[in-house]
Engineer: 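Right, I'll just put the structure down here and ask away after.
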Amino acid sequence: MNADVIIIGGGAAGAMAGVYCGEWGKKTIIFEPNGKIGKKLMITGKGRCNVTNNCTDDELIRNIPRNPRFLYSAFSQYSTADVMDFFEQSGVPLKTERGNRVFPVSDKAADVVSALERRLKKADVKIIKERVNGLIIENGICKGVEAGGKQYFSESVLIATGGKSYPSTGSTGDGYKLAESVGHTVTKLEPSLVPLVCNEKYCADMMGLSLKNVTLSLYDRGKKIYSELGEMLFTHFGVSGPLVLSASSHIDSMENNRYKLLIDLKPGLSEQQLDARILRDFSENINRIFGNSLSKLLPAKLVPTAVRLSGIPGERKVNQITREERLEFVRLLKAFPLTVKAFRPIEEAIITSGGINIKEINPKTMESKKVKGLFFAGEVIDVDGYTGGFNLQIAFSTAYCAALNM
């Protein structure tokens with residue numbers, strides 16, 4: 001079977017590239033082992049699908065920690081506004097929420113996937129439920145693929161297979177193997193936007209506790225490298241939630257005890273204001289023991305750990321607590337400590353950090369510098385962003401750029 005364009009992978013990047021290639025009159029085939037596009041899209045944004053971020057180009061680049069300069073051209077060709085226009089015109093009304101995150105008004109990722117399916121169908125893009133197991137190369141030019149024991153020929157081939165995170169959705173790292181088979185280099189693959197394992201046993205004691213409006217700061221050997229206000233969650237292994245996922249993307253090389261997390265449990269109060277607040281609570285509970293006096297200040301699951309870390313005996317009466325002890329307790333609440341031990345497995349990561357070396361890809365066209373007619377888009381490339389719609393923007397921009405040049 002012959003085609004103008006063959007796309008390997010029917011995720012965000014593959015589907016977007018397929019829509020444009022098909023609508024521009026190219027006979028297009030998408031190979032997707034799931035048989036259905038957008039399986040990972042269905043679970044992004046907790047099933048709501050954060051399609052992009054409604055921010056300026058400068059802010060967009062600032063939210064790409066890994067190889068942002070490579071994406072300048074792709075973002076200028078296909079911006080956040082272009083993504084929003086695409087889905088609005090495809091019958092998916094959008095809304096902008098906190099942090100400029102853009103979601104469907106319906107809060108349903110299924111609406112995003114359905115819009116892509118409709119446009120692919122209308123553009124007569126064929127989806128084949130097969131796994132591609134080889135590229136056909138002739139004289140240094142990619143001429144097609146091998147899948148299901150057959151050969152399929154085309155003018156251009158796009159690898160848009162995603163990373164290695166969430167393998168149940170089909171992201172099994174196939175694209176890396178295909179690229180390596182024709183001479184491409186794959187940088188070290190690590191989980192990113194992933195929960196973190198901590199040394200402290202008290203995380204398990206607080207399992208299930210969700211903290212809102214706290215500030216999480218990440219330190220690398222004592223130097224602050226990340227700090228943000230938001231939500232996080234204690235788990236049996238450590239911590240998770242939006243703040244933790246974002247912090248994880250700042251960790252370059254995981255080493256036990258190298259990275260520390262400090263949680264400001266009361267970011268709206270200075271140390272002086274928090275001390276005054278605690279004094280007020282103590283005066284209202286003057287005959288109570290310390291362990292029973294914190295119910296207004298802290299969530300119930302956090303109290304036993306906070307008391308233990310304070311060093312103040314829980315059974316001591318609050319009117320017997322010294323000023324020095326109280327101020328030390330204030331400092332604890334403003335810098336609640338955790339030590340990072342490891343990433344959770346890559347299978348639990350939202351995205352994969354690492355991928356096809358950007359030096360081997362033309363940033364203006366997304367075409368391989370090693371094999372003519374071979375293109376890349378999305379997470380398979382060694383670029384990634386923070387949470388907030390930035391990774392889907394990378395997928396859509398690089399896909400459009402590749403489609404335009406295929």
Side-chain angles (χ1 to χ4, degrees), residues 1-42 44 49 51-52 74 77-78 82-92 109-132 135 142-145 147-148 152-163 169-171 174-175 178-179 361 365-368 373-381 391-406:
M1 185 183 290
N2 292 347
D4 296 319
V5 172
I6 286 174
I7 296 169
I8 309 170
M16 181 66 88
V19 167
Y20 280 112
C21 288
E23 289 180 351
W24 291 334
K26 295 287 184 182
K27 186 181 177 184
T28 304
I29 297 172
I30 296 177
F31 284 90
E32 173 48 65
N34 289 315
K36 187 171 164 48
I37 67 153
K39 194 169 179 185
K40 189 174 175 184
L41 267 175
M42 291 290 278
T44 60
C49 196
V51 291
T52 187
Q77 291 180 64
Y78 203 68
D82 292 322
V83 170
M84 289 187 276
D85 285 346
F86 176 91
F87 286 108
E88 293 268 4
Q89 289 168 16
S90 303
V92 184
D111 291 351
V112 172
V113 175
S114 294
L116 289 164
E117 285 175 333
R118 283 194 302 273
R119 288 185 68 161
L120 286 168
K121 189 174 181 180
K122 193 174 178 184
D124 204 25
V125 175
K126 188 176 179 62
I127 298 170
I128 297 178
K129 187 180 179 180
E130 287 286 358
R131 187 176 296 280
V132 171
L135 300 172
C142 190
K143 294 287 190 176
V145 302
Y152 299 80
F153 293 93
S154 66
E155 294 172 10
S156 306
V157 172
L158 172 66
I159 294 179
T161 48
T169 63
S171 299
D174 286 5
L178 290 171
I361 303 170
T365 64
M366 296 298 137
E367 187 173 15
S368 164
L374 180 64
F375 294 77
F376 300 98
E379 196 182 337
V380 76
I381 303 170
N391 289 293
L392 277 182
Q393 181 65 45
I394 291 172
F396 295 141
S397 292
T398 53
Y400 177 87
C401 193
L404 194 62
N405 291 284
M406 288 194 294

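For clarity, every value in this text was computed on a predicted model and none was experimentally measured. For this chain, numbers begin at 1 and follow the sequence in order.
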Engineer: For Glu32, is there an ion pair with Lys39 - N to carboxylate O distance below 4.0 angstrom?
Structural biologist: no

Engineer: Looking at side-chain heavy atoms only, is the closest gap between Val157 and Ile8 below 4.5 Å?
Structural biologist: yes

Engineer: Return the CZ to NZ distance between Arg119 and Lys122, rounded to the nearest 0.5 Å.
Structural biologist: 8.5 Å

Engineer: For residues Met406 and Ser156, report the shortest heavy-atom separation together with the two atoms involved.
Structural biologist: O-OG, 3.5 Å

Engineer: Indicate yes or no: at least one non-hydrogen side-chain atom of Cys49 is less than 4.5 angstrom from one of Asp111.
Structural biologist: no

Engineer: Starting from the C-alpha separation in whole Å, work towards a yes-or-no answer on side-chain contact (heavy atoms from CB on, under 4.5 Å) for Tyr20 and Leu404.
Structural biologist: CA-CA 8 Å; Tyr20 280 112; Leu404 194 62; over 6 Å; no

Engineer: Out of curiosity, Ser368 OG to Ile361 CD1, how far, rounded to the nearest 0.5 Å?
Structural biologist: 7.5 Å

Engineer: Contact between Leu41 and Leu116 at the side-chain level, heavy atoms closer than 4.5 Å - yes or no?
Structural biologist: yes

Engineer: Can you tell me how far the SG atom of Cys21 sits from the CD1 atom of Ile7, to the nearest 0.5 Å?
Structural biologist: 5.0 Å

Engineer: Where do Ala13 and Ala160 come nearest, in terms of heavy atoms and distance?
Structural biologist: CB-CB, 4.1 Å

Engineer: Would you indicate whether the side-chain heavy atoms of Ile30 and Leu120 approach each other to under 4.5 Å?
Structural biologist: yes

Engineer: Could you go through the side-chain contact (heavy atoms from CB on, under 4.5 Å) check for Thr52 and Phe396 one step at a time?
Structural biologist: CA-CA 9 Å; Thr52 187; Phe396 295 141; 5.8 Å; no

Engineer: Can you check whether Lys40 reaches Glu379 side chain to side chain, under 4.5 Å on heavy atoms?
Structural biologist: yes

Engineer: What distance separates Tyr152 OH from Glu130 CD, expressed to the nearest 0.5 Å?
Structural biologist: 6.0 Å

Engineer: Quick check: closest heavy atoms across Val5 and Lys26, and the distance to 0.1 Å?
Structural biologist: CG2-CB, 4.2 Å

Engineer: Taking C-beta and beyond as the side chain, do Phe376 and Thr398 meet within less than 4.5 Å on heavy atoms?
Structural biologist: no

Engineer: Measure the spacing between CD of Glu367 and CG of Leu158 and express it to the nearest 0.5 Å.
Structural biologist: 11.0 Å

Engineer: Taking the ring of Phe86 and the ring of Tyr78, is the distance between their centroids below 6.0 Å?
Structural biologist: no

Engineer: Is any side-chain heavy atom of Asn405 less than 4.5 Å from a side-chain heavy atom of Met366?
Structural biologist: no

Engineer: So, for Leu392 and Ala12, which heavy atoms are closest and what is the spacing to 0.1 Å?
Structural biologist: CD2-CB, 3.6 Å

Engineer: What are the two closest heavy atoms between Ala109 and Met42, and how far apart are they?
Structural biologist: CB-O, 3.6 Å

Engineer: Answer yes or no: are there more than 12 heavy-atom neighbours, outside Asp124 itself, under 6.0 Å from its atom CG?
Structural biologist: no

Engineer: Restricting to non-hydrogen atoms, name the atom on Ser397 and the atom on Ala74 that form the minimum distance, rounded to 0.1 Å.
Structural biologist: CB-O, 3.7 Å

Engineer: So Leu178 and Val145, do their side chains get closer than 4.5 Å, heavy atoms only?
Structural biologist: no

Engineer: Measure from the side-chain N and O atoms of Glu155 to the backbone N and O of Ala3, and report whether any donor-acceptor pair falls under 3.5 Å.
Structural biologist: no

Engineer: Please report the interatomic distance CG(Asn2) to CD1(Ile29), rounded to the nearest 0.5 Å.
Structural biologist: 8.0 Å

